[in-house]
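Everything on this sheet refers to the single structure shown next.
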Amino acid sequence: MNATTMRAVGYLKSLPIDDESSLVDLELPVPKPEPHDLLVKVEAVALNPVDFKMRQNSDPGGTAKVLGWDAAGTVVAVGDEVRRFEVGDSVYYAGAIDRPGTNSEYHVVDERIAARKPASLSFAEAAALPLTSLTAWEGLFERLGLENGAMNQDGALLVTAAAGGVGAMVAQLTRALTSLTVIGTASRPETVDFATRMGVQHIVNHHEPLVPQLAEVAPGGITHVFSTTGTDRNLPDYAEALKPFGHIVAIDDHDSLRVGLLKPKCIALHWEFMFTRSLFRTPDQDRQHHILTQVARLVDAGILRTTANRDLGPVNAANLREAHRVLESGSTVGKVTLTGF
C-alpha cells in the first residue's frame with residue numbers, strides 16, 4: 001500500500017457527547033507495524049461501553065486520541081516476525097487498550113490477539129463479536145472454571161443484561177458448550193426477545209426483586225453468576241440466591257463491594273478484564289488468538305450467531321457521536337456497528 005495518511009475519528013478533550021467537539025474527524029499518519037503486528041485496513045467497527053467510558057474519564061489534554069477496539073478488516077502489511085497471517089487475510093479482533101483505537105482507516109494489532117474472521121459473516125457482523133466473545137469466554141471458562149464442552153455439568157448460571165453484547169455471548173457460549181441452565185435479566189419486550197433468541201432459557205426482571213424470581217425458575221439455587229452490570233446493587237441478592245461454594249464473575253467497575261456477604265457460603269468473586277493479557281504482555285497473549293479462532297469456527301458451523309443489531313453507516317465523527325449516545329442511554333440491544341469510511 002502507498003497511502004501515508006488516513007482518515008480517523010478521535011477526541012481532544014473529554015466533553016459531553018452532545019458537544020460536536022466530543023468526537024472529531026481527523027487525518028493522521030498511517031501507523032507502521034511492529035514486528036508482531038498486522039496492519040489492517042479497517043472495514044467495520046463495533047462499539048462497547050469502554051469507548052464512552054474512556055472518552056468521559058481519560059482526557060487526552062489536547063492531543064488527538066483515537067478510540068475503538070472491536071474491528072474487522074483486511075491485512076495489508078505484516079511485521080517481520082508475523083507467522084500466523086498473510087497480506088489479504090480477513091481478520092477480526094478487539095485490540096489493546098493501551099494502543100491507538102480502531103476508529104481509523106488503518107490500524108495495527110498484535111497478531112497474537114487477532115484471528116481470521118468468520119467466513120460466513122460480513123465485516124460488520126464479525127466486528128460485533130471479538131471483545132464480547134473474549135470477555136464471555138474468559139469469564140466462563142477461565143474465571144468461573146466451567147469445563148468447555150462438558151455436557152454433564154449441573155447447575156444454573158445467571159447473567160445480567162442478557163440482551164447486551166456480553167450477556168448475549170455468555171448465553172450462547174453457556175448453552176453451546178456446557179449443560180448449565182441459563183437465566184438472564186431483561187425487562188423490555190425487545191430485550192426479552194433478543195435474550196431468548198440468544199439462548200436464555202428463563203428471564204427474570206431486573207426491575208423487580210431477583211431472589212424470589214430466581215427461586216421460582218431455579219428452586220435448587222444458582223451455582224454461577226456472570227455480572228455484567230449492577231454488581232454493587234445486586235451483590236446481596238447474589239449472596240442469597242447462590243448455593244454454597246458458588247462463583248461470581250464481574251466485569252463492571254467498582255471501587256468497593258460488600259464482599260463480606262459472600263463469606264458464609266464460601267462464594268468466590270472473580271474479575272474479568274479481557275484487556276489484561278495485552279496490557280501486561282502476558283506470556284499467553286496468543287490465547288486470545290485461539291479463542292477467537294474457536295469462536296469463528298462455531299459461528300461458521302451455525303452454533304453461534306453474531307450479536308450485531310444496528311449499523312449506523314460509515315465511520316465518521318457524526319455517526320460515532322450517535323453511537324456513543326446510543327450506548328450511553330443504557331438501552332442498547334445487541335451491538336452497534338459502523339461500516340466503511
With rounding to the nearest 0.5 Å, note down the distance linking [atom1] in [X] to [atom2] in [Y].
X: Ser21; Y: Leu15; atom1: OG; atom2: CG; value: 6.5 Å
X: Glu147; Y: Ser179; atom1: CD; atom2: OG; value: 10.0 Å
X: Leu177; Y: Thr174; atom1: CG; atom2: OG1; value: 8.5 Å
X: Asn103; Y: Arg7; atom1: CG; atom2: CZ; value: 13.5 Å
X: Leu140; Y: Asn148; atom1: CG; atom2: CG; value: 9.5 Å
X: Leu129; Y: Leu298; atom1: CG; atom2: CG; value: 11.0 Å

Using a distance-only test with no angle check, is there a side-chain donor-acceptor pair under 3.5 angstrom linking [X] and [Y]?
X: Asp252; Y: Thr229; value: no
X: Asn48; Y: Lys335; value: yes
X: Ser227; Y: Tyr238; value: yes
X: Thr160; Y: Thr185; value: no
X: Asp25; Y: Asn316; value: no
X: Gln153; Y: Thr178; value: no

Over 12 non-hydrogen atoms of neighbours within 6.0 angstrom of [atom1] in [X]:
X: Lys265; atom1: NZ; result: yes
X: Glu190; atom1: CD; result: yes
X: Glu216; atom1: CD; result: no
X: Asn57; atom1: CG; result: yes
X: Glu86; atom1: CD; result: no
X: Asp154; atom1: CG; result: no

Using 4.0 Å as the upper bound for N to carboxylate O, is an ion pair formed by [Y] and [X]?
X: Asp18; Y: Arg325; result: yes
X: Asp51; Y: Arg55; result: no
X: Asp59; Y: Lys65; result: no
X: Asp110; Y: Arg281; result: no
X: Arg305; Y: Glu125; result: no

Ignoring hydrogens and angles, tell me if any N or O in the side chain of [X] forms a donor-acceptor pair with the backbone of [Y] under 3.5 Å.
X: Gln288; Y: Met274; result: yes
X: Arg112; Y: Asp284; result: no
X: Gln201; Y: Val182; result: yes
X: Arg143; Y: Glu272; result: no

Any side-chain heavy-atom pair from [X] and [Y] closer than 4.5 angstrom?
X: Thr102; Y: Asp70; value: no
X: Thr339; Y: Glu43; value: no
X: Val108; Y: Val40; value: no

With Phe85 via ring pair (Phe, Tyr, Trp, His ring centres under 6.0 Å) - residues at least two apart: His289
With sequence neighbours excluded, residues passing ring pair (Phe, Tyr, Trp, His ring centres under 6.0 Å) with Tyr93: His107
Full working for salt bridge (charged side-chain N to carboxylate O under 4.0 Å, His left out) between Glu328 and Arg321: CA-CA 10 Å; Glu328 288 181 33; Arg321 286 195 296 272; over 6 Å; no
Trace of the side chain to side chain contact (heavy atoms under 4.5 Å, CB included) decision for Leu214 with Ile222: CA-CA 8 Å; Leu214 292 170; Ile222 58 175; 4.3 Å; yes
Cluster overlap Val159 with Phe194, hydrophobic side-chain contacts below 4.5 Å: no
Single-linkage hydrophobic cluster Val217~Val170, side-chain heavy atoms < 4.5 angstrom: no
Trace of the salt bridge (charged side-chain N to carboxylate O under 4.0 Å, His left out) decision for Lys53 with Asp253: CA-CA 10 Å; Lys53 290 178 182 178; Asp253 302 308; 3.2 Å; yes
Option from Arg84, Lys41, Arg116 for which salt bridge (Lys or Arg N to Asp or Glu O under 4.0 Å) with Asp89 holds: Arg116
Worked check of salt bridge (charged side-chain N to carboxylate O under 4.0 Å, His left out) between Asp37 and Arg99: CA-CA 12 Å; Asp37 283 345; Arg99 301 186 73 178; 2.7 Å; yes
